[in-house]
Amino acid sequence: MIVDLAIIGGTGLYDFPGLHKVDKQVVATPYGAASDAIVVGELAGKRVAFLARHASGHSIAPHRINYRANIWTLHHLGARQVLGINAVGGIRADMGPQALVLPDQIIDYTHGRIASFCDADDAKVEHVDFTEPYSADLRRRVLASARQAGMVVVDGGCYGATQGPRLETRAEIARMRRDGCDLVGMTGMPEAVLARELKLEYACLAVVANWAAGCPEGAAAPEISLPEIFAHLDAATARIPALIAALLA
Ligand code: HPA
């Protein structure tokens, strides 16, 4: 089967509007079960696979997601290009709530997650190049599609991946800012590196749900409220189908 694009939906995106003629695929993997059935269907005349990272109903916390089963399943179904959509907190001044950002770097602060397919006693050990963690080609095409759709997507930024599920402290975000992080999220890793190990073209479209703890810098930082997070996510996520339609055109 050829899948033109796989989309992994994050918080606030549990199915993909406009995907039709759908078929739900559940695949047995060597790593256990993926987060949910993969919904394969047509969008803008192309074959698209969609996976809800947290499962429909948001029942799987970031640190409990079976990232290996998710990525392995999409690869197995024939996907070679994967766009991960990830809710994040904004750290950099131009990355406030409802911004869409295409990061170009990652700092990984997660722990205890299985972050490689080279994890069995008999597995061949590979040290994949991760200098540029995202596919330059997929990033370029997403940015061009955004321009074509008349949409603002911030080009570049460093995604700091935290363990969650709690949000960060003010001091943690201050440290992440000093480290060079522009965004903070809980699901960007190990998804990106597992995609690299399977030679998938992978990019992350980050959807800013809230200011990260203590941000914006210098302002009276608002308390982070869940209803507000979901309202921002709904507003920002509503712009994504037009972007994907332009990407597939
Ligand atoms: N921190 C970490 N992950 C997130 C946040 C945040 O502030 N907002 C949405 N996902």
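Atoms within a ligand are numbered from 1 in the order they appear, just like the ligands themselves. The residues of the chain are indexed from 1 along the displayed sequence.
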(request) Look at the side chain of Y159 and the backbone N and O of G157, then say whether any donor-acceptor pair between them is shorter than 3.5 Å. (result) no
(message) Is it the case that the side chain of R68 and the backbone of G32 share a donor-acceptor pair, with hydrogens and angles ignored and the cut-off at 3.5 Å?
(response) no
(message) Determine whether a donor-acceptor pair (N or O, by modelled atom type, separation under 3.5 Å) exists between the side chain of N70 and the backbone of S35.
(response) yes
(request) Give a yes or no answer on whether the side chain of D36 reaches the backbone of R53 with a donor-acceptor pair at less than 3.5 Å. (result) no
(message) I need the atoms of ligand 1 closer than 4.0 Å to a non-hydrogen atom of V88, numbered in the order shown.
(response) 5 (C), 8 (N), 9 (C), 10 (N)
(message) Can you report which non-hydrogen protein atom sits closest to atom 10 (N) of ligand 1, along with the distance?
(response) A87 O, 3.4 Å
(request) Please report which non-hydrogen protein atom sits nearest to atom 4 (C) of ligand 1, along with the residue it belongs to and the distance in Å to one decimal place. (result) V184 O, 3.7 Å
(message) What I want to know is whether W211 and ligand 1 share at least one N or O pair that is separated by under 3.5 angstrom.
(response) no
(request) Identify, for atom 5 (C) of ligand 1, the protein heavy atom at the shortest distance, and state residue, atom and that distance. (result) G89 N, 3.4 Å
(request) May I ask you to list the atoms of ligand 1 that are less than 4.0 angstrom from any heavy atom of G185? (result) 2 (C), 3 (N)
(request) Sequence neighbours left out, what passes salt bridge (Lys or Arg N to Asp or Glu O under 4.0 Å) with R140? Give chain and number order. (result) D137
(message) Using 30° and 60° as the class boundaries, would you call the ring planes of Y134 and Y202 parallel, tilted or perpendicular?
(response) parallel
(message) Set out, in order, the CA-CA distance, both residues' side-chain angles and the distance that settles ring-ring contact (aromatic ring centres under 6.0 Å, His included) for Y31 and Y67, then state yes or no.
(response) CA-CA 9 Å; Y31 308 101; Y67 293 94; over 10 Å; no
(message) How far is atom 1 (N) of ligand 1 from the closest protein heavy atom, and which atom is that?
(response) E168 OE1, 2.7 Å
(request) Would you kindly specify which portion of L167 sits under 4.0 Å from ligand 1, judged on non-hydrogen atoms: side chain, backbone, both or neither? (result) side chain
(message) T162 versus ligand 1: do any nitrogen or oxygen atoms come within less than 3.5 Å of each other?
(response) no
(message) Heavy atoms only, cut-off 4.0 Å: how does N210 contact ligand 1, side chain, backbone, both, or neither?
(response) side chain
